[in-house]
Amino acid sequence: GHRMDVVEGNSLLLDIHPWRAIRHLLDFCIYLEVEENIQIQRLLKRHIKGGKSRAQAMDKVKITDLPNAALIERDRHRADVVYRPPGNFS
């Protein structure tokens, strides 16, 4: 028997403290590349579902989510595979 653990996390590939120590613990990493407009749609939907108004949700996306996404994208080269799904799978 083999054991496989699947973990998900936006920060797992970051090359900054304390995150950089995690990469060597992972045998295989996939970075899922999603178009920004799809990211925005999904984030807005999640924040609105969580109780924010559309304006509050958009502020959260602009102020927090998109800057974090850009930071994470910067270190995507640390993944074994960068996967860009075909088409819009939102």
So, taking the atom named [atom1] in [X] and the one named [atom2] in [Y], what distance separates them when rounded to the nearest 0.5 Å?
| X | Y | atom1 | atom2 | value |
| --- | --- | --- | --- | --- |
| Leu71 | Ser11 | CG | OG | 7.5 Å |
| Lys49 | Lys45 | NZ | NZ | 7.5 Å |
| Arg78 | Arg76 | CZ | CZ | 15.0 Å |

(request) Check each of Arg42, His47, Arg46 against Asp65 using the side-chain hydrogen bond (donor to acceptor under 3.5 Å, both in side chains) test, and report the only one that passes. (result)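 It is His47, the one option of Arg42, His47, Arg46 that forms the side-chain hydrogen bond (donor to acceptor under 3.5 Å, both in side chains) with Asp65.
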
(message) Could you walk me through whether Arg20 and Leu13 satisfy the side-chain contact (heavy atoms from CB on, under 4.5 Å) test, starting with their C-alpha distance in whole Å, then the side-chain angles of each, then the deciding distance to 0.1 Å, before giving a yes or no?
(response) CA-CA 7 Å; Arg20 87 170 37 97; Leu13 293 174; over 6 Å; no

(message) Looking at Asp75 and Asp15, would you say the former's side chain and the latter's main chain have a donor-acceptor pair under 3.5 Å?
(response)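 Yes, the answer is positive, given that a donor and an acceptor are paired below the 3.5 Å cut-off.
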
Minimal non-hydrogen separation, [X] against [Y], with atom names:
| X | Y | result |
| --- | --- | --- |
| Leu43 | Val61 | CB-CG2, 3.7 Å |
| Met58 | Ile40 | CE-CG2, 4.4 Å |
| Leu12 | Leu26 | CB-CD1, 4.4 Å |

(message) Does Leu32 form a side-chain contact (heavy atoms from CB on, under 4.5 Å) with Val82? I'd like the steps, not just the answer.
(response) CA-CA 6 Å; Leu32 179 62; Val82 174; over 6 Å; no

(request) List the steps and the verdict of side-chain contact (heavy atoms from CB on, under 4.5 Å) for Tyr31 and Glu33. (result) CA-CA 6 Å; Tyr31 176 89; Glu33 184 178 274; 3.9 Å; yes

(request) Taking atom NE2 of His77 as the centre, report whether more than 12 heavy atoms of other residues, nucleotides or ligands fall under 6.0 Å from it. (result)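 For His77, atom NE2 is crowded (more than 12 foreign heavy atoms under 6.0 Å).
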
(message) Surrounding CD of Glu36 (heavy atoms of other residues, nucleotides or ligands, distance under 6.0 Å), is the total greater than 12?
(response)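 Open: at most 12 neighbouring heavy atoms sit under 6.0 Å from CD of Glu36.
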
(request) Only counting residues at least two apart or in another chain, list the ones meeting side chain to side chain contact (heavy atoms under 4.5 Å, CB included) with Asp80. (result)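 If we apply the side chain to side chain contact (heavy atoms under 4.5 Å, CB included) test to Asp80, skipping adjacent residues, the hits are Arg23, Phe28, Cys29.
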
(request) Check the hydrophobic clustering (I, L, V, M, F, W, Y; side-chain heavy atoms under 4.5 Å; chains of links allowed) and say if Ile72 and Ile30 are grouped together. (result)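 No, separate clusters.
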
